[in-house]
Structure formats: C-alpha cells, structure tokens
Number of protein chains: 2
Amino acid sequence: MARAVSETHGEILAAAARRFAATGYRGTSLQDIAREVGCSKATVLYHFANKEALLAELMAPAIAVLQELDDRLAGLTGGAAQQVAAVGFVDLAVRFRREIALLRGEFPELLAQPAFAHIQQISERLRDAFAGHSDRPGARIAALVLLAGISEACAEFVDVPDDELRPALLALVRRAVEPVESPQPQPPTTEDKES
Amino acid sequence: MARAVSETHGEILAAAARRFAATGYRGTSLQDIAREVGCSKATVLYHFANKEALLAELMAPAIAVLQELDDRLAGLTGGAAQQVAAVGFVDLAVRFRREIALLRGEFPELLAQPAFAHIQQISERLRDAFAGHSDRPGARIAALVLLAGISEACAEFVDVPDDELRPALLALVRRAVEPVESPQPQPPTTEDKES
DNA sequence: TCAGACCCTGACCGATCGGTCAGATGAGGG
DNA sequence: CCCTCATCTGACCGATCGGTCAGGGTCTGA
C-alpha cells in the first residue's frame, strides 16, 4: 500500500538512464528499455505517457537546480556574475554528470522540444554570465568553450570521484576566464582587435 | 565531357552538408536530402553507396588533416607536443568547423562505426598530447574540456570570421593549459612566445 | 463474494527509415 | 539506324519506430 507507484516505475527510470547514457536518447528505443527492465514495451508506456515524459522525469532534478542557479544569477553583473556562474555551473555539472551524459550531444535537438524550451534561454543567460556580460568576442567564445567543455568532460569522467573532478574544473576555469572587473587595458595580445 | 561525374553528385553532397548541420546525421533522412536537391531518394543512392558513404566523403578532407596532425605529433612529448597539439587542433577546428558542426554531438555513436574506427585512437592521442602526456588528472581533465569545448565553439560560431575565432581560441588555450615541464628549448616556431 | 483499481501484456497501427530493383529516358557513337 | 551506357525514377521491401487498445491477471475493501 505504502507504494503508490509500483517499483517497476523506478526500474524503468533506471534502465532508461542507463540506455540513454549508452546510446543516446534517439538511439534508444522503448523496446530497448523494456528489454533491459524485463517487461513489455506497453508496460513502459503504461508508466510513462511517452518517451519524452521519461526523459523529462529523468532530467527534472538537474533542471530544477539549473533553474535555481539562473535565479541566483538574475541580479548579478560583471565579475560577480562570472564568479557565481563558474562555481555554480561546475557544481551542477559535477553533481548531475550522469544526467548530462545521457543527453550526450543531443542537446540542440532536444532543447527544440517545447518541454525544454526555457532551458535554451537559461543556458544563454548562463553563457553571458560566464563571459562577465562582456560583449568582447573573445570572452563570449571562451565562455562557450568552457561551458561545453565542462559538460562534455563531466559526461566523460562519470567514474572520477567528485572531489577530484570539481577542483580540477574550478582551477581550469579560474585560469581560463579573463576577469572582467579589471579596468586597466590588457597587455597587447594578438586578438586585441576591437569590434 | 570533362565532367566524369555529373554535377548532381556535388549538389547532393552540398545538400547533405546543409541538412546534417541543421538536424544532425541521424536526424536527416535520405528523403530530406533528396527533397533539398530536387531529385529522388533513389538518385541519392545511385551516386552514393549508402548514407554512411555520404558522410565519409563529406568528412574526408577534415579527417586527412587530422591524420596529418597525428603524424606530426607522433615523435613529440611534453611541452612540445602540447604546443603543436594546441595550435594544430585550433587550426583544424576553425578550418573545418562546418564539418565539425554537422557531427554535432553524434561523435560517440558515429565513431563506433567501423569506417571511423581509427579516429577514436587519434582523438585519444590528441588528448594525451594536449595534456602534455601528463597523467595528472587535472591535466587530462583540462585537455578534454578544451578539446570538446573548442569543437563545440567552432560548430556554434560558424559565422564568426576565421581571424577572429582562431586568436581567441589560441589565447584561451594558452591561458588554460598548465605548461608541463619543457624538456629542452625548442627552435622558435611561428608563435612561440609564452603568455 | 464481487466490483473495481491497479498492473501488465500481445497484437496491432501508421509512419518512416535505409536500401533494392526493373525499367524509362536521353545522349553519343558505330 | 540501333546499341550502349550513364542517369534517374517510382514502386517496393523488410525492419523498426513510438504509440494504442482490448483484455487478462491479481489484490483489496466493501
């Protein structure tokens, strides 16, 4: 009785996570998931309205934390935004790297689905914050490289312990990000062109 | 007469590049490509043995350059390998960013196909070189972040001119990479000065 | 005892996929 | 003239996809 939903629900979720991580969302059929659980495809669709709902439930916790980070970022600008975005995103990526892994590059198409529409905007704001809200092309490019790279690295290093991955990523970000607050002009570099 | 293969071949190739870049390899059907060209699906399969062959021909130039970079990397270690890998990969990524864009995250599954088997090994060697062949976790993590991030950034910024993208990426890499102990002074290359 | 909620299933659906095949078309050369 | 060959096509194939549906167990509370 205590169990409002049968444990099959959880088993399907777990199996879907494994299969999505292994072969991607598109590359995994409901049949694959059912086979791994040991039930019929119809059972999968009894517990979940459709394939997309399965993905949505899998991603819900990560999306909630991402939303929360976005809220925290709302009032910040410049170096402060950079700081919060960096630490917040590294934290999020490390913590939810399993969820990130199971999207594995299908982000663009998946984000096009209406269910994930607002994620697109959040990730753009996050990228802006990462660049310290600078519109210098160099800063915007660096922000994208780091965001995408961190995601990919977290997906790849699923078996590296948190307390090894997180400091390595934070150190990298700290090296790689050009602080935006310093008002003095940079020493001459090759890309010093103004746009 | 001079045209051994009809121009349709090239048109199909161009259309496939556009569609793959827009919706990914898996997300693009032969029907889609045929529709864009204005011919039948059978015509596409008359000019190309199968869908994979279409992708292979599209990727061939990029793969050749990647192979060449791998060869150049063969005898190098430590800081020298790091240097060559960084400059070489940024160059390659910028130059072939259209090709990178049309893989768009499907790398893992695509690389599993036998036709691209050796690319897997090349990219692992490249990652090693990027880390200066260090086995420090931090170095390996940073290498992956940068490689993946650069790829993604190039795919994203297809419309940014080369001479803006390349220096921004090089500057980022130079900031982000922790120099490994340089074994011996190497002769000055084109852009060898430390940051 | 029995109605009904819950859980699960096989059979089936229409759509779409990559790929095959026999044949239509048309230009060129003997 | 006809034969050859490159090009192109519609019709078709088997497989697989996500999703539907009617119905069969099983448990429970009235």
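Computation of the quantities below employed the complete heavy-atom set of this structure, encompassing side-chain atoms and omitting hydrogens, waters and symmetry-equivalent molecules. Because the structure is predicted, anything quoted here is derived from the model rather than measured. Chain letters run A, B, ... following the sequence lines, proteins first and then strands; every chain starts at 1.
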Please list each protein N or O that sits under 3.5 Å from an N or O in nucleotides 22-24 of chain C, with the distance.
none

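A straight line from CG of A:L45 to C1' of C:dC12 spans 14 Å, rounded to a whole angstrom. Protein atom CG of A:L30 is 19 Å distant from nucleotide atom P of C:dC13, rounded to whole Å. Rounded to whole Å, atom C1' of D:dT7 lies 14 Å from atom CZ of B:F48. At whole-Å resolution of the value, CZ in A:R35 and C1' in C:dC8 are 18 Å apart. Rounded to an integer number of Å, the gap from NE2 of B:H47 to C1' of C:dG18 is 18 Å. In this structure, CD of A:Q31 is placed 16 Å from P of D:dT20, rounded to the nearest angstrom. D:dT16 atom C1' lies 13 Å from atom CZ of B:R26, rounded to whole Å. Here the P atom of nucleotide D:dA11 and the OH atom of B:Y46 are 21 Å apart, to the nearest Å.
With C:dT9, C:dC21, C:dG19 as the candidates, the nucleotide lying closest to the side chain of B:A42 is C:dC21. With C:dC8, C:dT20, D:dG10 as the choices, the nucleotide that has an atom nearest any side-chain atom of B:S40 turns out to be D:dG10. Listed nucleotides: C:dC17, D:dG18, C:dT9. Nearest to the side chain of B:S29: C:dC17.
Residues B:L172 and B:I150 fail the side-chain proximity criterion, which asks for heavy atoms closer than 4.5 Å. The shortest side-chain heavy-atom distance between B:L54 and B:I33 falls under the 4.5 Å cut-off. Between A:L169 and A:C154 the shortest side-chain heavy-atom distance falls below 4.5 Å.
Of the possible polar contacts, one joining the A:S123 side chain to the A:Q120 backbone as a donor-acceptor pair under 3.5 Å is found.
In this structure, the separation between CZ on B:R98 and CG on B:L103 is 11.0 Å, given to the nearest 0.5 Å. From A:I12, atom CD1 reaches atom CG of A:L58 across 12.0 Å, with rounding to the nearest 0.5 Å.
The number of heavy atoms from other shown groups lying within 6.0 Å of CZ (B:R166) is above 12.
The side chain of B:T8 contributes no N or O atom lying less than 4.0 Å from OP1 or OP2 of D:dT7.
The base of C:dG19 sits within donor-acceptor range of the side chain of B:K41, with an N or O pair under 3.5 Å.
Listed by chain and residue number, nothing satisfies the ring-ring contact (aromatic ring centres under 6.0 Å, His included) test with B:F89 (two or more places apart in sequence, or in another chain).
Comparing the helix axis at one end of the helix from C:dT1-D:dA30 to C:dG30-D:dC1 with that at the other, each defined from 5 consecutive pairs, gives an inter-axis angle of 30° (nearest 10°).
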Please test A:E57 against A:H47 for side chain to side chain donor-acceptor pair (under 3.5 Å), starting from the C-alpha separation and ending with a verdict.
CA-CA 12 Å; A:E57 187 160 331; A:H47 286 277; over 6 Å; no
